[in-house]
Structures are given as C-alpha cells and as structure tokens.
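These notes are about the structure you will find just below.
Computed from a predicted structure; not experimentally measured.
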Amino acid sequence: MTVRDVIKDVEALTLTLTADFDAPVDRVWQVLADARQLERWWGPPEWPATFPRHDMVAGGQSRYVMTGPEGERMHGWWRVTAVEPPHRLAFEDGFADDNGEPVDDMPVIQCEITVRAGADGRTVLTSTSTFSSLEAFEELQAMGMEEGSRTAMSQIDAVLADGA
Amino acid sequence: MEHRSDADVDAIFHALADATRRDIIARVVEREHNVSALAQEYAMSFAAVQKHVAVLQRASLVSKERRGREQIVRAELATVRRARDLLDEWESLWRHRVAQIDDVLSTSPPSTPSHHTPSHHTPPKGPS
C-alpha cells in the first residue's frame, strides 16, 4: 500500500487522501461492504470499532461502536447517501449517544470513497472527508472526545513515516 | 488547496515580499475589507489589487468570501492554523485507516461476496 497524495483544502475543510493497494477493485470494495472487514480498519489506533448494523444501500444506515483502551465506548453512525458498487460510496459520518442513536446537533462529516483500477492490477482508493464547521469540531475536541487517540495517532504516524 | 510542503513556506515568503501585499495584510488584520474599498486605497488598478489579494490567498494568509455582490477579504492566520490542525489530525486517522485496510487485504482470503450473512449479531445486508 502506498499513500499517493494528501490534499488539504483549509477553506473548504476537506481532506482528500489517495492510496493504492495491491489487490483488485472488487476485493478492495469488500473492506467497505462487509461489516466484518470494515470493523478491522475503521477505528482509530487503540479504538477498535464494531459495526452491529451496516446497510450499504442509498438511505441505508450503519451504527458503530469504538472501544477505547480504558473500556470507554464511543458510538457513531453512517447514513449512506449514494452507493455504486464497486466504485463509489458516499455517506455521512456522525456521532451517536450512548444508545447508539444519532445526535442531531452534533457535527457531521461528509465522506466519499472511490475505488478504481490503477496501473499494474493495483487499485486506487480515494477518501474525501468534509467537515461541516471548524467551530463545531473544535468544541468536540474541547469536550475531550478525542482524548487518548491523539497520542496514539501520532505514534502510528511515526511508525508509518518510518516505513514510507 | 494545499499540499503541506516547502511550497507553502515559499508562497508565504513570496506573498510577504511585496510592500503593497504587506499593507493589505495590515489592513485586513485590523478588520475585513471588501475588495473594491481596498482597491481605492492604492494608486493602482482594481485588477492589480485583486492580483495581490490572490497571491495572499494562495499563501492562505487571507480568505476571500463572496457576500452578495461584494467580495470580502479577511486575514485568516488563526483560522487557517486551526483548520490545518483539524485536517492534520484527520490525515493521521486516514493514514492509519489505509494501513489497516492493507492488513485486511493481505491477511484475509477474499470473502464470499453476495448472499453471505456475515455473523450472528448483524442484520441482513442490502443487495450487494
């Protein structure tokens, strides 16, 4: 796997990351479509996710739970806005209450993932995340919801940087 | 758009290397200006002032926002830094995610695609 490109648009609050994988398109699509595979990569470091609900149709919803190192649980949800297997998935990613149900006034991230054939049988995956508002996400961070994951992320980043 | 690189730093130095552009920054740091009002402050064409603003914009030192018929120029130093922090954090998360995806791809055999009910506590999926 190689991260090909990272683009940050600070005005639109959009992050676009492109990576390619040594696997065919259909195989890469499965890591999105199959909840059991999805939960092996969605959570941040030390916050593994489970997806008790995952419905990959337009209007379909997913629910996920991430469990932290101290057993803390954070709930999230997806709402699929468009899906074109095996090439494109667009969804909203939001925060949920302790019962796993979406919280309306919490910020939402617009996500789009595209999967297409690249050179030499490799597959190019592009993930685009757009934040609704800087203030809203800063409030969230201030509330300490990212506690712990920040350090872990920078550690992972260092490891990844070494391997690059 | 920006790639985090030396090019950013170059853009900032280039933007600040010009007296007019430094003056524009000084004015918009104080308060936001619309481009027409800003242009009147200088003995040069509207287009020339717009070009200066565009250079500052590319260096992420100001932002330009259309409000009705007006184009408002604002200093965005703090906001840009905060936005960058947020996007940096998300970059780390996605770098982690694609590394994990790579693990999934390399460790598990291709799973049976459709009509496969994954595991006990999962409701049936839609057509795949």
For [X] and [Y], which heavy atoms make the closest approach, and how far apart are they?
X: Val28(A); Y: Leu105(B); answer: CG2-CD1, 4.0 Å
X: Val31(A); Y: Val104(B); answer: CG1-CG1, 3.9 Å
X: Asp9(A); Y: Leu87(B); answer: O-CD1, 3.7 Å

Plane angle bin for Trp94(B) and Trp41(A) - parallel if under 30°, tilted between 30 and 60°, otherwise perpendicular: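 Answer is tilted, since the angle falls between 30° and 60°.
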
Can you confirm whether more than 12 heavy atoms, excluding those of Asp98(A), are under 6.0 Å from its CG atom?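 At most 12 heavy atoms, drawn from other residues, nucleotides or ligands, come within 6.0 Å of this atom.
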
Name the region of Leu15(A), side chain, backbone, both or neither, that has any atom closer than 4.5 Å to a heavy atom of chain B.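 Leu15(A) touches chain B through backbone and side-chain heavy atoms alike.
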
Heavy-atom distances under 4.5 Å only: say whether Ile113(A) touches chain B with side chain, backbone, both or neither.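 Interface part for Ile113(A): side chain.
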
Out of curiosity, does [Y] fall in the hydrophobic cluster containing [X] (side-chain heavy atoms, cut-off under 4.5 Å, transitive links)?
X: Met1(A); Y: Val115(A); result: yes
X: Val49(B); Y: Leu61(B); result: yes
X: Trp29(A); Y: Val80(A); result: yes
X: Trp77(A); Y: Val57(A); result: no
X: Leu56(B); Y: Val28(B); result: yes

Side-chain touch [X]/[Y], heavy atoms, less than 4.5 angstrom:
X: Val6(A); Y: Arg95(B); answer: yes
X: Ile109(A); Y: Trp90(B); answer: yes
X: Gln37(A); Y: Ile101(B); answer: no

So, taking the atom named CG in Leu125(A) and the one named CG in Asp102(B), what distance separates them when rounded to the nearest 0.5 Å?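 Those atoms lie 11.0 Å apart.
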
For Gln100(B) and Arg40(A), indicate whether the former's side chain and the latter's backbone hold a donor-acceptor pair under 3.5 Å.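 It does hold such a pair.
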
Contact winner vs chain B - Asp26(A), Leu38(A), Asp22(A), Val3(A), heavy-atom pairs under 4.5 Å: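 It is Val3(A).
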
